[in-house]
Amino acid sequence: MSITLDEAKKIAHLARLEFEEKELTPLTEELSKILNYFKELQDLDTSEVKATFHPIRKNTPFREDEVKVFENIEGILKNSPSLKDTSIVVPKVVKVP
Amino acid sequence: MNLDDLTIKRALTLLSKGEITSKDLTLACLDRIKRFDPEVKAFLYVNEEWALAQAEASDKRRKDKKERSLEGIPLSIKDNILIRDHPTTCASRILANYIAPYDATVIERLKEAGAVFLGKTNMDEFAMGSSTENSAFFPTKNPWDLERVPGGSSGGSAVAVALRMGLGSLGSDTGGSIRQPAAFCGVVGMKPTYGLVSRYGLVAFASSLDQIGPFGLNVEDTAILLQIIAGEDHKDSTSCPIKNLDFVNFLEQNSQRSFRVGLPKEYFTGDLHPEVQRALEKCIDILKKKHTLKEISLPHTKYAIATYYIIAPAEASSNLARYDGVKYGFRAECKNLIELYKKSRSQGFGKEVKRRIMLGTYALSAGYYDAYYLKASKVRTLIKQDFEEAFKEVDLILAPTTPTPPFKLGEKISDPLQMYLSDIFTIPVNLAGLPCISLPVGLTEDSLPIGAQIIGPAFKDDLVLASAYSLEKELSLKLLPSILINQS
């Protein structure tokens, strides 16, 4: 199992990452080597095995749907890279028709 | 004040007798940081003024007879656990300027117990690594040999405790990130049962594997810290209600108990470093006197690395999607929204983090999900079942924490697969969610620490601690990192 340069470019786009060509070639090789190592899992017959997504089984606990006030709103807003009053500024996302 | 063998327990006695104050203790720890941290670089953030203000407030509470269970004890905290109004960087450029707007639940509990925070410790970026070399800022060095790694990802916390730059620390363990650095630095570190400690306020890496846990100079100190931070929390739906939380008394009451201890043959193979093998054999000889030892098999152990390095990056790729340059963290110069995401993430994340995001995104992408993520999640069941079967025959399992003593800086950093393989003994426990403690069990001929781990069934954290406490007493090692010996 190895991945091609084109596949790596597609995955990078899905992950919203970008790489220069000179970074992407060695990265693709490393990923192929790692994916190749994963091949050993295919030796195991897991057709009758249930998947574990959570190590300790527990039902989702329910609680009352009550609004709780978080008092340090200022502390959250202060972390934003660009702020205007209480709004976070981002590049324009809607196209003018 | 001699901090070398000052435990939390002893310090609490001295504080309550009025022989020392929290300010004395905090100043002594800060002095240690000034002397040794320029060499080992365990801290990303130290705030002297803040630490002393906390210590003075603690001394006042003690004077007013309002002291709590950890009153005045200075600690360090791994830099992926939030302390309100102080930086949390995860050793990443993407969070370089982040100031935590709230306390993690573990911090809230430590504050309520009277702890004093000295600062935040270095780590592999987003806890991804086994050597602390993946920190975006600088690598941390092993105090037993400055040319070697302290382990990771919680390398800074392990070094801080080993050099008494604080009497204890908290780290996080996703695939061995507490136990492996504890073993490499000659201190005790514990990964509790998944769900014993709230993850609220821990920056998420792989949510089904992450668990916060304590570092201490010995088992008792580790138990003292765990007792404070453990317990159900409504802010973390995966945290569980616990019956016995009196770990400290349990240690003493159960230190004479005899256990059935399993020795997994898959961990004691010819690949084990001979000095690690020798140290473990010594433990086995000691344990034989009191306990019943039995060879057991955990047949799917060899699949653990592949399973982990599919599941953890898959969960990470999803968890780290939140770093988009919009609400917080680093934002790159950009012309439009897609560029904002791509440039902020590409410039903000380090090499290993990007490698794992790529791996995880691939494993979850259409056409590959069944072959990778689903397959790994099924093998995870088999690994978990191995332990369940073993615990029908034994109470606890003893194993080496790492296959080798600490390796050299730079030795594995350019070969990610080699670095991943060094986690072989610590990873299975995270996949199964079990409690596990690593304690020092000897030194190599070159004076490098060797650790062993004791694994227990889920929520038998108390048994794990009690057996480690008894083994530690029998071994009665006196461990002092060479950097401290050379100073005195």
Side-chain angles (χ1 to χ4, degrees), chain A residues 1 3 7-8 10-20 23-24 27-28 30-31 33-44 46-63 70-82 88-93, chain B residues 84-85 97-99 101-102 193-195 208-209 234 237-238 240 302-303 305-307 309-310 317 324-331 334-338 340-343 345-346 349 354-355 357-359 361-362 365 372 374-382 384 416-417 420 431-433 458:
Chain A
M1 285 185 234
I3 68 168
E7 274 180 303
K10 193 182 140 210
I11 298 296
H13 173 70
L14 288 174
R16 299 294 184 264
L17 290 171
E18 59 183 16
F19 298 93
E20 285 175 34
E23 288 177 284
L24 201 60
L27 177 65
T28 307
E30 279 163 13
L31 292 176
K33 202 172 144 192
I34 297 165
L35 291 171
N36 206 37
Y37 177 77
F38 294 165
K39 236 177 20 191
E40 66 174 28
L41 295 187
Q42 304 307 328
D43 302 348
L44 287 168
T46 51
S47 50
E48 302 295 318
V49 182
K50 272 191 175 174
T52 296
F53 297 113
H54 201 277
I56 306 290
R57 275 191 170 278
K58 197 190 166 203
N59 296 328
T60 305
F62 287 94
R63 56 169 167 75
F70 181 82
E71 36 77 49
N72 189 20
I73 293 167
E74 200 194 330
I76 291 180
L77 290 174
K78 266 202 304 208
N79 275 306
S80 72
S82 181
I88 294 167
V89 182
V90 290
K92 192 160 78 180
V93 288
Chain B
R84 186 176 163 164
D85 298 332
N97 298 317
Y98 184 73
I99 304 294
Y102 61 94
T193 302
Y194 183 86
S208 81
L209 300 157
H234 296 296
S237 65
T238 61
C240 300
K302 73 165 184 162
Y303 300 105
I305 298 251
T307 304
Y309 279 97
I310 292 171
S317 72
D324 55 5
V326 173
K327 299 177 293 298
Y328 52 83
F330 171 75
R331 180 186 289 185
C334 59
K335 292 199 261 325
N336 54 47
L337 198 62
I338 190 85
L340 172 109
Y341 297 148
K342 285 190 175 179
K343 290 203 184 307
R345 289 165 63 77
S346 299
F349 289 136
K354 284 190 262 192
R355 188 184 287 132
I357 292 175
M358 288 287 285
L359 212 48
T361 306
Y362 181 78
S365 62
Y372 291 100
L374 189 63
K375 182 80 186 181
S377 300
K378 287 181 171 187
V379 180
R380 184 177 188 176
T381 305
L382 298 175
K384 198 170 173 246
L417 190 55
Y420 299 171
L431 291 168

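Quick caveat: nothing in here was measured; it's all calculated off a predicted structure. Protein chains get the first letters and strands the later ones, always in sequence-line order, with residue 1 at the start of each.
For Lys384(B), the part sitting under 4.5 Å from any heavy atom of chain A is the side chain, from C-beta outward, and nothing else. Within the 4.5 angstrom heavy-atom criterion, only backbone atoms of Ala432(B) (N, CA, C, O) approach chain A. Neither the backbone nor the side chain of Glu74(A) comes within contact range of chain B, judged by heavy atoms closer than 4.5 Å. If you measure heavy-atom distances from Leu337(B) to chain A, the contacts under 4.5 Å come from both the backbone and the side chain. For Cys334(B), the part lying under 4.5 angstrom from a heavy atom of chain A is the side chain only. For chain A, the nearby parts of Ser237(B) are the backbone and the side chain; heavy atoms of each come within less than 4.5 Å. When heavy atoms are compared at a cutoff of 4.5 Å, Lys343(B) approaches chain A by way of both its backbone and its side chain. Neither the backbone nor the side chain of Thr60(A) comes within less than 4.5 Å of any heavy atom of chain B. Looking at Phe330(B), neither its backbone nor its side chain comes within 4.5 Å of chain A, counting heavy atoms on both sides. For Leu17(A), the parts sitting under 4.5 Å from any heavy atom of chain B are the backbone and the side chain alike. Only the side chain of Thr193(B) comes within contact range of chain A, with heavy atoms under 4.5 Å apart. For a residue to count as touching a neighbouring chain, one of its non-hydrogen atoms must lie under 4.5 Å from one of that chain's; by this rule Ile11(A) touches chain B with backbone and side chain alike.
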Starting from the C-alpha separation in whole Å, work towards a yes-or-no answer on side chain to side chain contact (heavy atoms under 4.5 Å, CB included) for Lys327(B) and Ser80(A). CA-CA 5 Å; Lys327(B) 299 177 293 298; Ser80(A) 72; 5.8 Å; no
Would you please test Arg16(A) and Ile338(B) for side chain to side chain contact (heavy atoms under 4.5 Å, CB included) and show each step? CA-CA 8 Å; Arg16(A) 299 294 184 264; Ile338(B) 190 85; 3.3 Å; yes
Criterion side chain to side chain contact (heavy atoms under 4.5 Å, CB included) on Phe53(A) and Arg380(B), from CA distance to verdict: CA-CA 8 Å; Phe53(A) 297 113; Arg380(B) 184 177 188 176; 5.9 Å; no
Would Tyr420(B) and Tyr37(A) satisfy side chain to side chain contact (heavy atoms under 4.5 Å, CB included), going step by step from the backbone distance to the final call? CA-CA 11 Å; Tyr420(B) 299 171; Tyr37(A) 177 77; over 6 Å; no
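In this structure the side chain of Lys78(A) never reaches within 4.5 angstrom of the side chain of Ile99(B), judged on heavy atoms. The closest side-chain heavy-atom distance from Tyr362(B) to Leu31(A) is not below 4.5 Å. The side-chain heavy atoms of Tyr328(B) and Ile88(A), taken from C-beta on, include no pair separated by under 4.5 Å. Inter-residue side-chain proximity for Glu30(A) and Arg355(B) is flagged as met; some heavy-atom pair is nearer than 4.5 Å.
Rounded to the nearest 0.5 angstrom, Leu35(A) CG and Leu359(B) CG are separated by 6.0 Å. Of the inter-residue distances, the one linking Lys50(A) atom NZ with Thr381(B) atom OG1 reads 9.5 Å to the nearest 0.5 angstrom. For the atom pair CE of Met358(B) and CD of Glu7(A), the computed distance is 10.0 Å after rounding to the nearest 0.5 Å. Distance check: Leu14(A) CG to Ile357(B) CD1 gives 12.5 Å after rounding to the nearest 0.5 Å.
More than 12 heavy atoms of other residues, nucleotides or ligands shown are found within 6.0 angstrom of CG on Asn72(A). A 6.0 Å sphere centred on CZ of Phe62(A) holds no more than 12 heavy atoms belonging to other residues, nucleotides or ligands.
Using a 4.0 Å cut-off between charged side-chain N and carboxylate O, Glu40(A) and Lys375(B) make no salt bridge.
Heavy-atom pairs under 4.5 Å with chain A peak, among Ile310(B), Leu374(B), Asp324(B), Thr238(B), at Ile310(B). Your options are Gly433(B), Ala306(B), Gly195(B), Ser208(B), and the one with the most heavy-atom pairs under 4.5 Å with chain A is Ala306(B). Ranking Arg331(B), Lys354(B), Lys335(B) against chain A, the residue ahead of the rest is Arg331(B), based on heavy-atom pairs under 4.5 Å. Contact count versus chain B (heavy atoms, under 4.5 Å) is highest, among Val90(A), Ile34(A), Leu44(A), Ile76(A), for Leu44(A). The greatest number of non-hydrogen atom pairs below 4.5 Å with chain B, out of Pro81(A), Ala15(A), Pro61(A), Gly75(A), is found for Pro81(A). Interface summary for chain B: among Ala12(A), Ser82(A), Ala51(A), Ala8(A), the most heavy-atom pairs under 4.5 angstrom belong to Ala51(A).
Contact record, Phe38(A) with Tyr309(B): CZ-O, 3.2 Å, taken as the closest heavy-atom pair.
Checking side-chain atoms of Ser346(B) against main-chain N and O of Glu18(A) turns up a donor-acceptor pair under 3.5 Å.
Partner of Pro101(B) under the side chain to side chain contact (heavy atoms under 4.5 Å, CB included) criterion, out of Asn79(A), Ile73(A), Leu77(A): Asn79(A) alone.
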